[in-house]
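What follows is a short report on a single structure.
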Amino acid sequence: MEKKIVNNYGSFDVTFAKAKGSTMWDVNGKKYIDFIAGIGVNCLGHNYKPLVKAISKQTRKQIHISNYYFSDIGLEFADELLAVTGFEGAYFGNSGAEANEAAIKLARKYGQLNGGNKRKTIVTLESSFHGRTLATLTATGQSKFHPDCFAPYPDGFKTIKPGDFEALKTAFDDTTAALMMECIQGEGGVNLLDPAWAKAAADAARAAGAIVMCDEVQTGIGRTGTFLASDWLGVNPEVVTLAKGIAGGLPMGACLFRGKANKVFVAGDHQSTFAGNPLVCAAGKVVLETVANPEFLDRVNHAGDYIRGKISSWNLPIVKDVRGKGLMIGTQIDTKVKPFDIEVKCLERGLCTTTAGADVVRFLPPLVISDKEIEEGLAIFKSVLEEFCK
């Protein structure tokens, strides 16, 4: 079958037809265990009945009305999201990149209001990833995402090395508008930030008059075992960005703000046609009602601990490290083997995985993944790793 969709993604030659829970089937009926969840999007798995019911019900009421007006479901979702996260205001978008664009604009305006035109710089971290728009690409601290073909890139960004306490002495000054960081660098290799360093960085940024922004596009919505990863990191950011799992599979992003960052945006500052429409908000309410539950989050932590412990227990020489929190898991592979080759072999045997950084196989399974699906997926993963050990 000829495929007319431009292959910007380097997609595999697999076409899926249906799915349930954390299991998918292709058009030929072959079964796959899903350890990706749409890159962390399908937090409630596939065909989660309450989510399907809520979406179906909302389609019969309203799908889109434009942001000239409010929707009842949109106001309900906003109130619930702010109550769960402890933030004061929200801007809704359609993706993680849009959420981060909103945060960047908010930071720039905050800087101007609190220091004039010189306070425009946003400090980000090496090995970070913040999106595919020009601004979020520039914020991304990985040179491979800055090819010359997309230049010139926007000014006003600088990067520092995470964990480098010495760098904090000169990283921030009266030109700094914000510090922007991921609590765990997903695309960069499932790299956990040192909480002591993160707190020191946040303190240094605030001492210079800047605000602190956490990109939780991948780490938020229960992925790391708390509703927000910044909760366990302890940096208490003024801005948090969310997307991926926020609406259980429908396209949505959010930029949340509080304290000094609250009420920076006014009418006309940032807008989007489809943002926060009734359909995605109805889905988001189901996600909140399911994920923002201590027992649910305990299960996420238990499942993640089990997976990491199981991989470590194999004592395979190819595995150099297993890290992460909750169900955000990275297996660092010996540099003699390419993680992409492991991803390909896993897919051939019926396991969907992905990679991160230069040497990591990454798991982002649905937060509702069953014990049986975990065992099936791990059995495939082990068999593939053992083959590469020969």
Side-chain angles (χ1 to χ4, degrees), residues 100 103-104 106-108 110-112 114-131 135-146 153-219 224 226 228-241 259-261 320-325 328 330 332 335 356-360:
N100 285 335
I104 289 167
L106 187 152
R108 292 276 168 80
Y110 168 83
Q112 185 176 54
N114 294 273
N117 288 330
K118 68 178 180 180
R119 191 181 286 278
K120 294 289 185 180
T121 302
I122 296 173
V123 177
T124 65
L125 308 186
E126 292 180 12
S127 299
S128 61
F129 180 80
H130 296 292
T136 54
L137 275 177
T138 313
T140 293
Q142 299 185 63
S143 59
K144 69 179 182 180
F145 289 106
H146 306 149
Y153 293 91
D155 294 329
F157 295 91
K158 64 181 282 189
T159 58
I160 59 175
K161 185 176 180 179
D164 186 344
F165 282 89
E166 191 66 25
L168 299 181
K169 296 178 181 179
T170 57
F172 310 101
D173 56 26
D174 61 1
T175 68
T176 309
L179 165 66
M180 185 177 192
M181 57 185 175
E182 299 163 283
C183 302
I184 299 177
Q185 296 178 327
E187 187 70 33
V190 193
N191 307 316
L192 281 75
L193 291 191
D194 171 16
W197 182 87
K199 291 175 187 175
D203 289 345
R206 291 185 177 114
I211 57 174
V212 176
M213 309 195 299
C214 284
D215 175 349
E216 296 222 37
V217 168
Q218 190 167 142
T219 62
T224 66
T226 53
L228 296 179
S230 51
D231 291 341
W232 59 258
L233 195 62
V235 296
N236 196 34
E238 283 80 28
V239 176
V240 155
T241 56
K260 293 185 291 185
K320 297 305 176 185
D321 189 24
V322 186
R323 56 181 178 261
K325 279 187 76 68
M328 185 173 182
Q332 186 176 358
T335 54
D359 57 357
V360 170

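The basis for the numbers below is simple: all heavy atoms, side chains too, and nothing from hydrogens, waters or symmetry mates.
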Next item on the list: Could you tell me whether the side chain of Asp321 reaches within less than 4.5 Å of the side chain of Val360, counting heavy atoms only?
Entry: no
Margin query: Can you confirm whether Met328 sits close enough to Lys325 that some side-chain heavy atom of one is under 4.5 Å from a side-chain heavy atom of the other?
Written below: no
Notebook entry, point to check: With a 4.5 Å heavy-atom cut-off, do Trp232 and Thr219 have their side chains touching?
Noted result: no
Next item on the list: Taking all heavy atoms of Val190 and all of Gly324, pick out the closest pair and write down the distance.
Entry: CG1-CA, 4.1 Å
Check: Looking only at heavy atoms, which two atoms of Ala103 and Val239 are closest? And how far apart?
Finding: CB-CG1, 4.0 Å
Margin query: Which heavy atom of Val212 sits nearest to which heavy atom of Ala205, and what is that distance?
Written below: CG2-CB, 4.4 Å
Item checked: Nearest-0.5 Å distance, NZ of residue Lys320 to OG1 of residue Thr335 -> 8.0 Å
Next item on the list: Ignoring hydrogens and angles, tell me if any N or O in the side chain of Arg323 forms a donor-acceptor pair with the backbone of Gln332 under 3.5 Å.
Entry: no
Note to self: Return the CG to CG distance between Asn236 and Asp231, rounded to the nearest 0.5 Å.
What the structure shows: 9.0 Å
Margin query: Using every non-hydrogen atom in the two residues, find where Asp164 and Ala167 come nearest and quote the distance to one decimal.
Written below: OD1-N, 3.0 Å
Check: Does Ala177 offer a backbone N or O that forms a donor-acceptor pair with the side chain of Arg119 under 3.5 Å?
Finding: no
Next item on the list: Would you check, one step at a time, whether the test side chain to side chain contact (heavy atoms under 4.5 Å, CB included) holds for Leu168 with Ile160?
Entry: CA-CA 8 Å; Leu168 299 181; Ile160 59 175; 4.0 Å; yes
Next item on the list: For the pair Thr176 (side chain) and Ala178 (backbone), establish whether a donor and an acceptor sit closer than 3.5 Å, ignoring hydrogens and angles.
Entry: no
Margin query: Can you tell me how the ring of Phe129 sits relative to the ring of Phe145, calling it parallel under 30°, perpendicular over 60° and tilted otherwise?
Written below: tilted
Item checked: Lys161 atom NZ, neighbour heavy-atom count above 12 within 6.0 Å -> no
Check: Is the side chain of Thr124 donor-acceptor paired with the backbone N or O of Ala139 at a distance under 3.5 Å, no angle test?
Finding: yes
Check: How many angstroms lie between atom CG of Asn114 and atom CD1 of Ile211, to the nearest 0.5 angstrom?
Finding: 9.0 Å
Check: Taking the side chain as C-beta and beyond, is there a heavy-atom pair between Gln185 and Pro162 under 4.5 Å?
Finding: yes
Check: Do Met213 and Pro237 have side chains that get closer than 4.5 Å, going by heavy atoms?
Finding: no
Next item on the list: Please report the shortest heavy-atom distance between Asn191 and Ser127, naming the atom on each side.
Entry: ND2-CB, 4.2 Å
Notebook entry, point to check: Are the side chain of Glu182 and the backbone N or O of Leu193 linked by a donor-acceptor pair below 3.5 Å?
Noted result: no
Notebook entry, point to check: Checking side chain to side chain donor-acceptor pair (under 3.5 Å) against His130, which of Thr138, Asp215, Thr136 comes through?
Noted result: Asp215
Next item on the list: Looking only at non-hydrogen atoms, find the nearest pair between Glu238 and Arg206 and report the distance.
Entry: OE2-NE, 2.9 Å
Note to self: With rounding to the nearest 0.5 angstrom, report the CD1 to CZ distance, Ile104 to Phe157.
What the structure shows: 4.0 Å
Check: How many angstroms lie between atom CZ of Phe172 and atom OG1 of Thr121, to the nearest 0.5 angstrom?
Finding: 11.0 Å
Notebook entry, point to check: Is a donor on one side and an acceptor on the other found under 3.5 Å between the side chain of Lys158 and the backbone of Ala171?
Noted result: yes
Next item on the list: Verify side chain to side chain contact (heavy atoms under 4.5 Å, CB included) between Cys214 and Val235, making sure each step is shown before the conclusion.
Entry: CA-CA 9 Å; Cys214 284; Val235 296; 3.6 Å; yes
Notebook entry, point to check: Is it the case that more than 12 heavy atoms not belonging to Lys144 sit under 6.0 Å from its NZ atom?
Noted result: yes
Item checked: Stepwise side-chain hydrogen bond (donor to acceptor under 3.5 Å, both in side chains) test for Glu216 and Ser230 -> CA-CA 8 Å; Glu216 296 222 37; Ser230 51; 2.6 Å; yes
Note to self: Has Thr159 got a side-chain atom pairing as donor or acceptor with Glu126's backbone, closer than 3.5 angstrom?
What the structure shows: no
Next item on the list: Nearest 0.5 Å please: distance from the CG atom of Leu137 over to the CD atom of Gln142.
Entry: 10.5 Å
